[in-house]
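Numbering of ligands and ligand atoms starts at 1, following listing order. Note that the structure is a prediction, hence the values are computed from the model and not measured.
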Amino acid sequence: MHRPALSVVIPCYNEAACLNLLHGRVSVAAEAAVGTDFEIVLINDGSRDDSWSVMQAIAARDGRVVAINLSRNHGHQLALTAGLDLCAGAQILIIDADLQDPPELLADMRATMAAAQADVVYAVRRKRQGETIFKRATAALFYRVLDRVTDTPIPLDTGDFRLMSRRALDAFLSLPEQARFIRGMVAWVGFRQVPFAYDRAERHAGETNYPFAKMVRLAFDAVTGFSTAPLRFASHAGLALTAASLLLLLYIAIGFFTGSAVQGWTSTMLVVVLLGAVQMFVLGMIGEYLGRLYIESKRRPLYLVADIAGPVRGHSTLGFNAAEPSPEFDQDGSASVTIDTPGVIGTRPIA
Ligand code: UDP
Ligand code: MG
């Protein structure tokens, strides 16, 4: 198996209008950096537009492009996981399809990586153009709260745009969880990681696929994936409330013995409502962790591949490939599916 010098991994959801320009700009930047020895891994994450046919066309005319069609929309973090799992490069660049992260920064990021002898160069957003104040404010708040509650230092204002070494990526791929907050998981892996400041551009076309609800879900995955602080909060709140109720008990006892114990609808209601709210909140928090535990315990593959166009070089460890006719069986009898087996899939034979 040939390991290219560079893999550029790009998750795409409804990005048909960006793909051709993206392919052009990424190819030029990659060629300037490593010559012809690179691959571009495009992942179609169940797009509703014609992203997949555009990708197939690109893969048909450029042998350095691998297009992977997931069986449905798996979400950004899993689509990106699929691309990382199936790429083979010695260095890996993660980039968004909408050209908000300029591919031309690749040369500088590689220089930074070499100079610092780093395993990860993560791009920190200095400015964000064309994004609403609400999005910027919630994002800024999110990164700061996350920093407070997690035990892993996760860099502020950093998305998934980054350059990684093969050993950092292999370490990342050894993390099997379903609920993936990739920027946090890469930080958790460690090695030498250095920041790289840049200005985030506007979307080239289309609109954001990260509406508020998805951002909230990502935020919950981030917090629950990297911290048990909310669970600790439950025991701390319990302790504080116990202390408070002991004081209240004292007050009630005094009232009883001095014979002034009748009034008190307000205080009774207050205690009932407050305790009810705290209990529901804590229960919900435990539920968040329990739900994730349940999902993780199923050990489902993280993504399902429906079709492949172009030469896949990587070895799938986290997903399931339905593009192959049937899984191979290892000598110990366990089934394993590899994606780098030659076969006729998608638009043309795999080299
Ligand atoms: N994306 C994806 N699956 C999804 C949503 C988004 O693969 O379900 C991709 C999308 O095509 C883009 C990247 O993830 O390449 C980031 O999404 P987007 O630009 O919409 O997010 P934003 O930059 O607005 O945070
Ligand atoms: Mg974007």
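Listed for the Arg110 side chain is a donor-acceptor partner under 3.5 Å among the backbone atoms of Ala33. Between the side chain of Asp85 and the backbone N or O of Leu318 there is at least one donor-acceptor pair closer than 3.5 Å. Using a distance-only test at 3.5 Å, with no hydrogens or angles considered, no donor-acceptor pair links the side chain of Gln193 to the main chain of Val120. Between the side chain of Glu296 and the backbone N or O of Ala179, at least one donor-acceptor pair lies under 3.5 Å. Side chain of Ser227 to backbone of Thr224: no donor-acceptor contact under 3.5 angstrom is found. In this structure, Arg144 contributes its side chain and Ala140 its backbone to a donor-acceptor pair below 3.5 Å.
Counted within 6.0 Å of CG on Leu246, heavy atoms from surrounding residues, nucleotides or ligands total more than 12; the atom is thus considered enclosed.
Aromatic rings of Phe281 and Phe233 (six-membered ring for Trp) have centroids within the 6.0 Å cut-off, being under it.
Within the structure, ligand 1 lacks His74 among the residues with a heavy atom less than 4.0 angstrom away. Using 4.0 Å as the threshold, Gln77 has no heavy atom nearer than that to any atom of ligand 1. For Lys135, the heavy-atom gap to ligand 1 drops under 4.0 angstrom.
With a 4.0 Å heavy-atom cut-off, ligand 1 is reached by the side chain of Asp45 but not by its N, CA, C or O. Neither the backbone nor the side chain of Asn14 has any atom closer than 4.0 Å to an atom of ligand 1 (non-hydrogen atoms only). Contacts of Cys12 with ligand 1, taken as heavy-atom pairs under 4.0 Å, involve the backbone alone. Heavy atoms of His76 found under 4.0 angstrom from ligand 1 belong to the backbone as well as the side chain.
Looking from atom 20 (O) of ligand 1 to the surrounding protein, the closest heavy atom is Asn209 N, 2.5 Å. Shortest contact from atom 16 (C) of ligand 1 to any protein heavy atom: Asp96 OD2, 3.4 Å.
Note on Arg166 versus Asp170: salt bridge recorded, some NZ/NE/NH1/NH2 to OD/OE distance being below 4.0 Å. Salt-bridge annotation for Arg192 and Asp119: absent, with no side-chain N of the basic residue lying under 4.0 Å from a carboxylate O of the acidic one.
Less than 2.8 Å away from the Mg ion (ligand 2), the protein contributes these N/O/S atoms: Asp98 OD2, Gln100 OE1.
Interface of Gln100 with ligand 1, defined as ligand atoms under 4.0 Å from a residue heavy atom, comprises 19 (O), 22 (P), 23 (O). Interface atoms of ligand 1 facing Glu15, defined by a heavy-atom separation under 4.0 Å, are 10 (C), 11 (O), 12 (C), 15 (O). Short contacts between ligand 1 and Arg200, defined as distances under 4.0 Å to a heavy atom of the residue, involve ligand atoms 23 (O).
For the pair Ala97 and ligand 1, the shortest N or O to N or O distance falls below 3.5 Å.
Take Asp96 and apply the side chain to side chain donor-acceptor pair (under 3.5 Å) test, not counting sequence neighbours, and it matches Arg200.
The closest side-chain heavy-atom distance from Phe220 to Glu288 is below 4.5 Å.
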